[in-house]
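What you are looking at is a predicted structure, and each value in this text was computed from that prediction instead of being measured. For ligands, and for the atoms within them, numbers begin at 1 and follow the listed sequence.
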Amino acid sequence: MKVTVLVGSQWGDEGKGKIVDLLSENYDIVTRYQGGANAGHTVVIGDKQYVLHLIPSGILRENVTCVIGNGVVIDPTALLEEIELLEKNNIKVEGRLFISHNAHLIMPYHKLLDSISESGENKIGTTGRGIGPCYIDKYARKGIKIVDLLNRKTLEEKIRENLKEKNNLLKKVYDREELDVEEIIKQYVEFDKAIDKYIKDVPAYLNNAISEGKSILLEGAQGALLDVDQGTYPFVTSSSPTSGGACIGTGIPPTKIDNVIGIVKAYTTRVGNGPFPTELTDEDGEMLRKIGCEYGATTGRPRRCGWFDAFLVRYSAMINGIDSVAITKLDVLSGFDEIKICTGYNLNGKVLKSFPTDAERLSSVTPIYKTLPGWKSDISSCESYSVLPDKTREYLSFIAKEAGIRIQIISIGPKRQQTFFVEN
Ligand code: GDP
Ligand code: IMO
Ligand code: MG
C-alpha cells in the first residue's frame, strides 16, 4: 500500500508509536497530521525508550523522511527540545524533517489559557499543552503560522495584535498579569532562526512524492473517540484524529489514500475526564494499570483502565473506514482468570443500536458483557499466531467478530520484535 493512514481507534495511547516505528521500515515518508505535543508516542529500540511528542515516530528509521503537516499545532519549545534530544542520541534530524509552512504555532498565551480554563469547573482534563486555545485562534482566523516566521514585520504585527487581545483578557477577565510582548517577539524570532531549514510547502512535497511512487504513512495522534466531531464531546481534543483528518491536515486528497490501519489496544484506557462505560475501578483495573504500565507518556498521569469495548471499536472502525487493525498489549491480559468483553450497551432498558457519543447518554449506559476464560500463560515471546494459546486465539476471534475488524498485526510487548503479522 502506498498511502496509509494509521489511526488510534479508542481514546489514545493504543501503541501507535510502536506500530508506526515497525511499519515505517517499509515507507519512505511518515507524516503527522493533527494534534501537537499533547501526544506521547513511545518507541522502544533495544533497551532505549524514546517518547515522541511532535516529530513523527518514523524518525528512528534512518531511511525515512518525516513531515509535520499543516494540521499539527507546533510548540517551538517542545519541538526544539525534541530535536535536541534526538540529536544527542545520534539520530539525525536535519534534512530528514520537514514542517508545513501552514502549521499553526502554539504561543505562551495558549498554554496559559489552557491552564486557566482547566483550573475552573467543567474540567476536560487536558494535557495543558495549549492545544485547545491554539485551535480556537486558528479557527477564529487569528492564529500565527509557521509561514509568518519568514517575515519579521508580519510576525511582529501579528504577535502585537494577538497580545493586545490576550492581555486584555488576562487582566480584565482572569485578573492575571499581562504577558511581555517584546519577550515573546524575541523568543519567536529566535525560533525562526532555528527552524527555517525545516520549513516546506508540504502539500506540494507530499503530492509530488506520491506521483513519484513513494509511500507515505500518515501517523494519527490521540484516538477516534477524542475527535472533536466524532468523539465523546466535550471530553475530546480540539483536532480530528480520525482518518478524515489526515487529508485536511496534510493536503493529500482522499482519492490518494489507499488504506487505513487502526491501532486497537486489547483492553481500553482513557486519560482525562469523560464517560468510560467499561472502566474498572476495582483490583482488575489496578492490575491492568500495573501490568500495562498505564501512565501517561506526556503527563505521567495514571490512565483509567477497563475491559475491551467491542461496541466502541465497531463505531471507530466505521467512522475511520478501518481496513485492518494492529492489536496491541495483548500480553497485558495474560494474568487474568477471566476476561470480559463489552458487546453492546443498555440504556433505559433498551439495547442501543448505535454508539452514543454524547457525554450524557454515554455516562448512563450499562455495558453488556461476554466473559471468556483467560489463558494464564506468558505470551510475550510468541513468534506467530499459530503458537498462541487456544484461549488467546479465541479471545482474538471473538473481539474481531464483535468489533467487525480484521486483525493483521499482533503486538505482545513494547519491543519491535514482540510483534507478528497474522496470515489471513
Ligand atoms: P501511543 O500514544 O498510541 O503511541 O501509545 P503510548 O506510547 O502513549 O502508550 C503505549 C505504551 O505501551 C508505551 O509505553 C509502549 O511502549 C507500550 N506498548 C506498546 N505496545 C505494547 C505491547 O504490545 N505490550 C506491552 N506490554 N506494551 C506495549
Ligand atoms: P496520544 O497521541 C491520550 C486527552 C487528554 C484530555 C483530552 C483533551 O499519545 O495517544 P488536550 O490536551 O488535547 O486538549 O486534552 O484529550 N489526550 C490524550 N489522551 N493520548 C493522547 O495522545 C492524548 N492527547 C490528548 O487527556 O482528556
Ligand atoms: Mg500516547
Legend entry - CG/D282: more than 12 non-hydrogen atoms of other groups inside 6.0 Å: yes
Legend entry - Residue Y385 excluded, over 12 heavy atoms near OH under 6.0 Å: yes
Per-residue contact class, [X] against ligand 1 - non-hydrogen pairs under 4.0 Å:
| X | answer |
| --- | --- |
| D13 | both |
| H53 | neither |
| H41 | both |
| T419 | neither |

How far is [atom] from its nearest protein heavy atom, and which residue and atom name does that atom have?
| atom | result |
| --- | --- |
| atom 3 (C) of ligand 2 | D13 OD2, 3.2 Å |
| atom 23 (O) of ligand 1 | S411 OG, 2.5 Å |
| atom 1 (P) of ligand 1 | K16 N, 3.5 Å |
| atom 22 (O) of ligand 2 | Q222 NE2, 3.5 Å |
| atom 27 (N) of ligand 1 | K329 CE, 3.4 Å |
| atom 26 (N) of ligand 1 | D331 OD2, 2.7 Å |
| atom 13 (O) of ligand 2 | T237 OG1, 2.6 Å |
| atom 27 (O) of ligand 2 | V271 O, 3.0 Å |
| atom 4 (O) of ligand 1 | G17 N, 2.8 Å |
| atom 15 (C) of ligand 1 | T42 CB, 3.9 Å |
| atom 8 (C) of ligand 2 | V236 O, 3.4 Å |

Inset, instruction - Compare all side-chain heavy atoms of L86 with those of L52 and state whether any distance is below 4.5 angstrom. - result: yes
Inset, instruction - Decide yes or no for V7 and T242: does some side-chain heavy atom of the first lie under 4.5 Å from some side-chain heavy atom of the second? - result: no
Legend entry - Residue and atom names of protein N/O/S atoms that fall under 2.8 Å from the Mg ion (ligand 3): D13 OD1, G40 O
What atoms of ligand 2 come within less than 4.0 Å of a heavy atom belonging to [X]?
| X | answer |
| --- | --- |
| A39 | 1 (P), 2 (O), 9 (O), 22 (O) |
| A221 | 2 (O) |
| R301 | 5 (C), 26 (O) |
| L226 | 4 (C), 16 (O), 17 (N), 18 (C), 19 (N) |
| W11 | 3 (C), 19 (N) |
| G125 | 5 (C), 6 (C), 26 (O), 27 (O) |

Inset, instruction - Using a strict cut-off of less than 4.0 Å between a Lys/Arg side-chain nitrogen and an Asp/Glu carboxylate oxygen, indicate whether D75 and R129 qualify as a salt bridge. - result: no
Legend entry - Lys/Arg-Asp/Glu bridge criterion (N-O < 4.0 Å) met for K111, D114: no
Legend entry - Given Y267, F235, F276, the one that forms ring-ring contact (aromatic ring centres under 6.0 Å, His included) with W11: F276
Inset, instruction - May I ask you to decide if the ring planes of F355 and Y345 are parallel, tilted or perpendicular, using 30° and 60° as cut-offs? - result: tilted
Inset, instruction - Look at the rings of F191 and Y188 and say which category their plane angle falls in: under 30° parallel, 30 to 60° tilted, over 60° perpendicular. - result: perpendicular
Are [X] and ligand 2 in contact, using a heavy-atom cut-off of under 4.0 Å?
| X | result |
| --- | --- |
| R303 | no |
| F235 | no |
| K16 | yes |
| T299 | no |
| G223 | no |
| S238 | no |
| R129 | no |

Legend entry - Check: T328 N/O within less than 3.5 Å of ligand 1 N/O: no
Legend entry - ligand 1 to V332 polar contact by distance, N or O atoms, under 3.5 Å: no
Legend entry - Selected option - heavy-atom contact closest to atom 8 (O) of ligand 1, from C293, G40, G15: G40
May I ask you to check if ligand 2 and [X] share an N or O to N or O distance below 3.5 Å?
| X | answer |
| --- | --- |
| N273 | no |
| T127 | yes |
| G40 | yes |

Legend entry - E219 touching ligand 1 at heavy-atom level, < 4.0 angstrom: no
Legend entry - Part of H41 with heavy atoms under 4.0 Å of ligand 2, whether side chain, backbone, both or neither: side chain
